[in-house]
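Chain letters run A, B, ... following the sequence lines, proteins first, then strands; residues in each count from 1. These figures come from a predicted structure and were not determined experimentally.
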Amino acid sequence: MQDTQDQGAQGGYVPSAVEAAAQRYWNETRAFEVREDSTRPKYYCLSMLPYPSGALHMGHVRNYTIGDVISRFQRQQGKNVLQPMGWDAFGLPAENAAIKNNTAPAKWTYKNIEHMREQFKRMGFAYDWTREVTTCRPEYYRWEQQMFTRLMKKGLVYRKNSVVNWDPVDQTVLANEQVIDGKGWRSGAVVEKREIPQWFLKITAYAQELLDGLDTLPGWPDAVKTMQRNWLGRSEGLEIQFDVDGEAEPLSVFTTRPDTLMGVSYVAVAAEHPIAIKAAASNPGLAEFIASCRAGGVSEAELETQEKRGYFTGVEATHPLTGEKVPVWVANFVLMGYGTGAVMAVPGHDERDWEFAQKYSLPIKMVVVDRTVVDAIAELRRDLAAGDGADPVNLALGGGSTDAYQANAAVEVVKAFEAAVQDTGAYTEHGFLFNSGEFDGLEFRAAFDAIAAKLESMGRGQRRVNWRIRDWGVSRQRYWGCPIPVIYCPTCEAVPVPEDQLPVVLPEDVAFSGVQSPIKADPEWRKTTCPKCGGAAERETDTFDTFMESSWYYARYTSPDANAQVDERANYWLPVDQYIGGIEHAILHLLYFRFYHKLLRDEGLVGSDEPATNLLCQGMVIADTYFRKEADGSSTWFNPDDVEVQRDERARIVGAVLRSDGKPVEIGGVEKMSKSKNNGVDPQLMIGKYGADTVRLFSMFAAPPDQSLEWNEAGVEGMSRFLKRLWRDVSSHAEAGATQAVDVASLDAGQKTLRRQLHETIQKVTDDVGRRQSFNTAIAALMELSNALAKFDDASPQGRAVRQEALAAIVKLINPFTPHVSHALWQVLGHGETLVEDAGWPAVDQSALVRDSLTLAVQVNGKLRATIEVPAAASKEEAEAMARAEPNVARLLEGQTVRKVIVVPGKIVNIVAG
RNA sequence: GCCGAAAUGGCGGAACUGGUAGACGCGACGGACUCAAAAUCCGUUUCUGGCGACAGAGUGUCGGUUCGAUUCCGACUUUCGGCACCA
């Protein structure tokens, strides 16, 4: 007897059984495989594809649960939803694992993919697995090679030298993350900069379009758009030529502040600049300085934070306007790859130039003052200016004084300004020119134009738009990546591999030691013939940046079996309606993604200008860290699972001890889950303990999607309790038998109130999930409704009918979050085994939302003093009268004069008195 | 260094368009059930004072706008993300 009961609807919630049953049903019915269907609105929901690192981590769980919630929600809205999944399978970790475990990167990668695919299935994500993409497969990367060769023919690809991190001991190129404190991670040797030839994609040719396109993306977060705008870094300025002693060619510099030209006190060039190298030939000190600039890595963060150092070349340049000589310095913060590799320095009006001038005792000349200086001088000269119609600003700063006393006073004002500014560094604001000869008195814009015009007429300068963004370097000196489809011929030079010879396949069954790429080491692989002249030639052995694969996978999902990069199906699905991924991709990946879409468009492969209309960037998953300092100064990190937290009587944390020995450990704060801090929580363990639905629900409930999420197992238990309660509520209701339809006309007050809350909840959850993407508050609203339902003690036929309506709505509303539970409970509510996604979404009954009365807050002088119930139809005057009649309000108003009353209907009455 | 975010009870968070700060969950405390425990259920829970009605304080810090500011503006502090070869 007892057994039968346990297995019945009353038997309680067993996540593993519920989840296996639902997943079996989805699998057998191929529920989430989709096709193009012109009769239904499409919805393409895409989560960034994962790197197959070995096992699912909490960051994945969060990212992919968000995508699944949105996908299932949209399917319930009747959309034809595409939600695909694939693997960003090339990359550095496979090489590292290969060295460590002595396996081939390919084997390791494929094993990881198998394992992670099973884990994804266990989470119940509604993917169309028939569209799975694996970027390390030749059938994927051949199209990327084809695109590259086409771009070569279009002139959008070129080869030039650029700097890499070079480990002089291991004789290898290092990634930025492999450079730690300027040293190689394995060898410990000081890393050097080295120039090697590399392939570049001309993203700068699309810079303006990438910038303008941001204005067409209202569905992207402002933070991402701002970061991209700043990264593109459009600036309008002037390229100015300085003659250099002993050089035939003038030195070009770019500046956005030509108004400060008269304040130039030196010119600085990069260590690799031809002028510097030439000067160093006869100057050992300079040669040594240039050599010292080679130490250290190439990352911008490292370059920008290193000490600013310089060395005089001994060469002088000529100021294009004054003809004065200015020294040419080499500076380690000027980079050959940025702009012209040379800058004009105005220490009076640029902080970095100011620091440099201070350090090397170079002259500082101020040529811009602010409005207060102009006003002060204008004041002194007012008597003179009045009547003769002269511009007081020009007169004050440059017009020449006819009165010695006033001229001296003006000089004092300027001196005081200079002194005040020099205390804190350069004056970098726009202002009015002085000390600038014929340009004195002009304001920024006018000065810019006047100086530009003058230099242009002299042939010494050109107006130019400069971009911060540099072309995309796609060459990597690594094995585990897509081979760059180029052949080097001694006579024909670099030739693209003909399309009928693609793909250039990367051999997968290789021995990999880590020192050299197997395809670089194998002369046989390199050997080929020139497609142009048929002579002996060699293949390129560099591989692509892995951002190349992740820049177009979204398009391949639409036509995974096409005998082309994509086919016409792309235009049914694209653009992506919702893209979801980490904020860490805000610039690089998302810019390359937008760029590549325009390349596809210009190849005639897609019709849209942007790849994704809406973007959601989710926060990180973080957890507490605990550690002990060891005798040697290193730290040992303990998993939060092994630590017990101690609290005082107010439940504030006062310490923590290790469970195994009871001795204290230090609390290290909350950080991103990582192996190094040992604070990772394994999703697999959590799924085993609580089930996938609980894990999904917690990861959506604990924080808004765009903020960081703190993992907390007690919170997970709370979610589990909620699902058990829901299960019990639905089961016991269903056990009591079928219900009649709700008769809206004959509801009592309690039934009406519950029904109002039900429809308010439907409204809120629809808005929270559909528009606001505020999943945590949607879940909270469902919990509130379910709490109200628990207190709704009404077993009458009408009461049971209302309860049936509410429970059915909850099961549908919670389905995007906990699809397995909904799948089971939908059957318990008497619907047979069907797809809840196709059962639709509850509709709001507007008539159920009507209220008879409203609660208003009553403030006196902005402080809350009472709340009042007013009829929904009450006028402002009636609300004010009721507020004044409230005893606590009347008491406070006694003897006071009411100066103002603000009534916001439905919200507040504020009485200002005093 | 530069660019972009964030900061609210003991904790995670809510307050959507400037209108009752603390929804929902966790934890803690009290109670019910139980021989007992677990599970479950009910109640209390921002801080200070007060038996209470109530009063005072309070959204990182300092200042401003407003009848009214977690919300808008200015300055600052701390933490996090990115900085072109981690993905």
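As rounded to whole Å, 12 Å separates atom C1' of B/C41 from atom CG of A/Asp729. The CG-P distance, from A/Asp793 to B/C41, rounds to 15 Å in whole Å. Counting to the nearest Å, the P atom of B/A5 and the CD1 atom of A/Ile622 are 19 Å from each other. The distance between atom CG of A/Asn861 and atom P of B/A69, rounded to the nearest whole Å, is 12 Å. Taking atom CG of residue A/Leu232 and atom P of nucleotide B/C3, one finds them 16 Å apart after rounding to whole Å. Regarding A/Arg899, its CZ atom lies at a distance of 17 Å from the P atom of B/U66, rounded to whole Å. The separation between A/Phe722 atom CZ and B/C26 atom P is 11 Å, rounded to whole Å. Summarising the geometry, the separation between CH2 on A/Trp220 and C1' on B/G4 is reported as 15 Å, rounded to the nearest angstrom.
For the P atoms, the distance from B/G58 to B/U48 is 15 Å, rounded to whole Å. B/G4 and B/G10 have their C1' atoms separated by 32 Å, given to the nearest Å. Rounded to a whole angstrom, the distance from the C1' atom of B/U59 to that of B/U8 is 4 Å. The gap from the C1' atom of B/A84 to that of B/G63 amounts to 40 Å, rounded to the nearest Å. With both ends at atom P, the span from B/G27 to B/A38 equals 14 Å, rounded to whole Å. B/G13 and B/C80 have their P atoms separated by 15 Å, given to the nearest Å. Taking the C1' atom of each, B/C73 and B/G18 are spaced 13 Å apart, rounded to whole Å. Atom P of B/U17 sits at a distance of 14 Å from the matching atom of B/U71, rounded to the whole Å.
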Nucleotide-resolved protein contact map, nucleotides 81-87 of chain B, B/S/- at heavy-atom distance under 4.0 Å: BSBBBBB

Where protein sits on nucleotides 11-16 of chain B, one letter per nucleotide: B base, S sugar-phosphate only, - none, heavy atoms under 4.0 Å: -BSSSB

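Within 4.0 Å of A/Lys724, counting heavy atoms only, lies no atom of the nucleic acid at all. Within 4.0 Å (heavy atoms only), A/Val912 reaches sugar-phosphate atoms of the nucleic acid but no base atom. Using a 4.0 Å heavy-atom criterion, one finds that A/Thr305 contacts the bases of the nucleic acid, with or without backbone contacts as well. At the heavy-atom level, A/Glu717 lies nowhere under 4.0 Å from the strands shown.
In this structure, A/Glu95 contributes its side chain and A/Trp480 its backbone to a donor-acceptor pair below 3.5 Å.
Using bins of under 30°, 30° to 60° and over 60° for the plane-to-plane angle, the ring pair A/His589/A/Tyr553 lands in the tilted bin. Ring geometry for A/Phe593 against A/Trp220 counts as parallel: the plane angle stays under 30°, on a 0 to 90° scale with 60° as the upper cut. By the 30° and 60° cut-offs, the orientation of the rings of A/Trp472 relative to A/Tyr592 is parallel.
Residue pairs that meet the salt bridge (Lys or Arg N to Asp or Glu O under 4.0 Å) test with at least one member in residues 580-596 of chain A, sequence neighbours left out, are A/Arg594-A/Glu610.
Of the nucleotides present, B/A7 is the one that pairs with B/U77 by Watson-Crick or G-U wobble criteria, both distances under 3.5 Å. Of all nucleotides present, none satisfies the Watson-Crick or G-U wobble test against B/A38 with each distance under 3.5 Å. Both distances falling under 3.5 Å, in either a Watson-Crick or a G-U wobble arrangement, occur for no nucleotide opposite B/A14. Summarising the base pairing, B/A28 is matched to B/U44 through a Watson-Crick or G-U wobble pair whose two defining distances lie under 3.5 Å. Base-pair partner of B/C85: not found among the strands shown (Watson-Crick or G-U wobble, both distances under 3.5 Å). The partner of B/C72 is B/G64, by the rule that a Watson-Crick or G-U pair needs both atom distances under 3.5 Å.
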Full working for side-chain hydrogen bond (donor to acceptor under 3.5 Å, both in side chains) between A/Ser187 and A/Asp167: CA-CA 8 Å; A/Ser187 69; A/Asp167 186 321; 2.6 Å; yes

Criterion side-chain hydrogen bond (donor to acceptor under 3.5 Å, both in side chains) on A/Tyr690 and A/Glu717, from CA distance to verdict: CA-CA 8 Å; A/Tyr690 301 101; A/Glu717 278 167 17; 3.2 Å; yes

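Contact between the side-chain N/O atoms of A/Arg721 and the OP1/OP2 oxygens of B/G27 is found at a separation under 4.0 Å. Within the structure, every side-chain polar atom (N or O) of A/Asn888 is placed at least 4.0 Å from both OP1 and OP2 of B/A53. At least one side-chain nitrogen or oxygen of A/Arg728 sits closer than 4.0 Å to the OP1 or OP2 atom of B/C41. When the side-chain nitrogen and oxygen atoms of A/Arg891 are compared with OP1 and OP2 of B/A53, none of them lie within a distance under 4.0 Å. Contact annotation: A/Asn787 side-chain N/O to B/A23 OP1/OP2 distance is not under 4.0 Å.
Taking the side chain to side chain donor-acceptor pair (under 3.5 Å) definition, one finds that A/Lys183 meets it with nothing, sequence neighbours left out. Qualifying ring pair (Phe, Tyr, Trp, His ring centres under 6.0 Å) partners for A/Tyr141, counting only residues two or more places apart in sequence or in other chains: A/Phe90.
Within a 6.0 Å sphere centred on NZ of A/Lys907, heavy atoms belonging to other residues, nucleotides or ligands number 12 at most.
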Run the side-chain donor-acceptor check on residues 170-180 of chain A: report pairs under 3.5 Å with partners two or more places apart or on a different chain.
unit_1   : atom_1 : unit_2   : atom_2 : d
A/Gln171 : NE2    : A/Pro168 : O      : 2.9
A/Asn176 : OD1    : A/Asn165 : ND2    : 2.8
A/Gln178 : OE1    : A/Ala175 : N      : 2.7

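Glycosidic conformation at B/G9 (O4'-C1'-N9-C4 for purines, O4'-C1'-N1-C2 for pyrimidines): syn, within 90° of 0.
Centroid-to-centroid, the aromatic rings of A/Phe701 and A/Phe722 stay 6.0 Å apart or farther.
Of the residues near RNA chain B, A/Val904 and A/Asn910, the one whose nearest nucleotide (by heavy atom distance) lies more toward the 5' end is A/Val904. Comparing A/Lys791 and A/Gly715 along RNA chain B, the residue whose closest nucleotide (by nearest heavy atom) sits nearer the 5' end is A/Gly715.
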